[in-house]
Amino acid sequence: MSTHNVWTHKGTFLLAAVGSAVGLGNLWRFPYLTGENGGGAFILIYALTIFAVGIPILIAETMLGRASRRSPIMGMRFLTRCHNTSRAWESIGWLGAASAFMILSFYSVIAGWAIHYTWQMLTGSLVGADAEMIGEGFDALLAAPGLLTFYHTLFIVASGLIVGMGVHKGIESGLRIIMPALFAILLVVLVYGIANGDFAAAASFLFTFNIADLSLEGWLAAMGQSFFTLSLGMGAIMAYGAYMNSEVSLTRTAIAIAIVDTSVAMVAGLAIFSLVFGAGLSPGQGPGLMFVTLPLAFAEMPFGALVGGVFFILVLGAAISSSISLIEPVAAYLVERFDMTRPQAVALMVVASWALGLLTVASFNIWAEGTLFHALAGRSPFEFIELLTNIFMPLGGLLIALFAGWALTHSEVMKEMRTSETWFMIWRFLVRFVAPAAVSFVFLRTIPQVEGYLIPTIGALVIVGAFAAGRTFLADGHQEG
Ligand code: TRP
């Protein structure tokens with residue numbers, strides 16, 4: 001018996017999934033990682049994993065949600081029981097909850113930077129500023145842990161209120177405006193970049209593939225980013241799939257999500273790198289990339305304060321529609337499993353993630369170096385959390401692919417997919433062989449070889465193992481209804 005309602009409108013899943021997928025991952029993370037990892041080669045791996053691994057797993061994850069009509073953890077438990085498979089598959093749900101909690105912690109801090117720039121734009125404080133002033137302004141923001149914490153708190157509380165009050169389903173009409181408007185304004189920035197920046201340099205940086213340029217860590221980052229940007233491998237899509245109308249085609253929906261998401265990232269990348277090369281900035285400057293290049297364009301363009309203000313408001317809209325999809329699966333689980341009220345469940349998730357987010361805040365100032373994280377893993381706490389999510393999301397995706405491809409019965413899946421035999425066979429081949437092989441290949445190639453990876457890898461394995469063991473153990477003592 002299902003505990004979920006179904007969205008009545010057929011397009012709602014698509015809209016919600018696009019709202020989840022399009023966010024800081026496209027606008028902030030994609031350009032900065034591409035710049036750090038040398039451009040084209042990074043994009044090649046990213047694009048390959050989106051299409052050969054991401055789309056099939058997106059289909060699988062949506063299907064698991066729709067077939068179970070429950071929150072991810074309870075849904076996985078339900079499916080393992082219906083299909084008589086091992087309860088260890090429930091670790092997919094737990095792994096997802098752990099990823100959501102970690103991603104939200106830094107996502108909210110970065111969204112806080114966008115709050116700062118919305119304010120700066122609307123007050124006109126950056127009008128006419130040059131690259132140096134904008135760079136100094138950004139450094140000053142990072143050097144102020146109190147201010148960063150203030151913005152981080154604002155963002156996470158706003159996201160929590162939306163999910164806690166259950167109004168996120170009503171956000172649909174907002175998204176219908178925010179998403180196209182964001183895309184339109186990105187095109188305006190791109191046109192400005194073509195006219196005033198160096199578009200040719202940007203295009204050659206982004207689309208000249210030299211695989212030798214890509215470090216081993218770059219491989220993992222590219223794969224991690226393809227999961228991150230599609231909101232994949234942690235149950236967000238599963239949670240939304242639980243509300244999806246049974247008639248809608250999974251294949252077509254997944255392809256549409258991937259195309260929209262990739263287009264936003266590409267336009268953002270081309271716009272940002274045109275400006276970067278035009279202004280002689282460094283493409284590899286790290287997480288600040290978007291926040292120092294775009295304000296520079298807005299400082300110079302006509303009506304820049306207004307255009308920039310609207311732009312950052314839309315960025316915040318896109319970020320909120322992503323962050324609610326990080327909170328929703330965990331909150332839904334706490335409600336279903338522990339009979340918490342919705343506000344209690346959301347508060348628990350948000351407070352815990354907020355506290356973890358303080359590590360990210362500190363990573364840009366007081367703990368930028370010399371911490372335990374640097375000693376053990378050679379990176380700041382923020383970089384360490386990002387690294388863990390780059391491992392957890394593909395790992396979750398790998399398990400989802402294996403579960404959907406091997407553990408579920410052919411006829412069940414075929415029925416749920418509602419597609420032709422040919423498409424079904426192609427999809428099944430991709431989730432059975434291609435996706436697991438690709439993810440394992442990148443893991444085996446990168447994880448053991450890069451300095452400082454040993455500890456995070458062992459850590460990740462211990463956490464996953466503990467979750468799986470803990471669940472199996474609890475399951476024996478504590479039979480649920
Ligand atoms: N995809 C979002 C972005 O690109 C981030 C996000 C939202 C996410 N929900 C997720 C990432 C779930 C991984 C898993 O901004």
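A quick note: this is a predicted structure, and the numbers were derived from the prediction, not measured. For ligands, and for the atoms within them, numbers begin at 1 and follow the listed sequence. All heavy atoms count here, side chains included; hydrogens, waters and symmetry mates do not.
For W406, the ring pair (Phe, Tyr, Trp, His ring centres under 6.0 Å) test picks out F433, with sequence neighbours left out. With sequence neighbours excluded, the residues that form a side-chain contact (heavy atoms from CB on, under 4.5 Å) with P31 are I272, F273, L289.
Pocket lining of ligand 1, defined as residues with a non-hydrogen atom under 4.0 Å away: S20, A21, G23, L24, G25, N26, I103, Y107, F228, T229, S231, M234, A236, S322, S325, L326, M393.
Residue pairs meeting the ring pair (Phe, Tyr, Trp, His ring centres under 6.0 Å) criterion with at least one member in residues 46-76, sequence neighbours excluded: F30-Y46.
Between E217 and R379 there is a salt bridge, with a side-chain nitrogen of the basic residue lying less than 4.0 Å from a carboxylate oxygen of the acidic one. With respect to E328 and R342, a salt bridge is recorded, a charged nitrogen being found less than 4.0 Å from a carboxylate O.
The number of heavy atoms from other shown groups lying within 6.0 Å of CZ (F101) is above 12.
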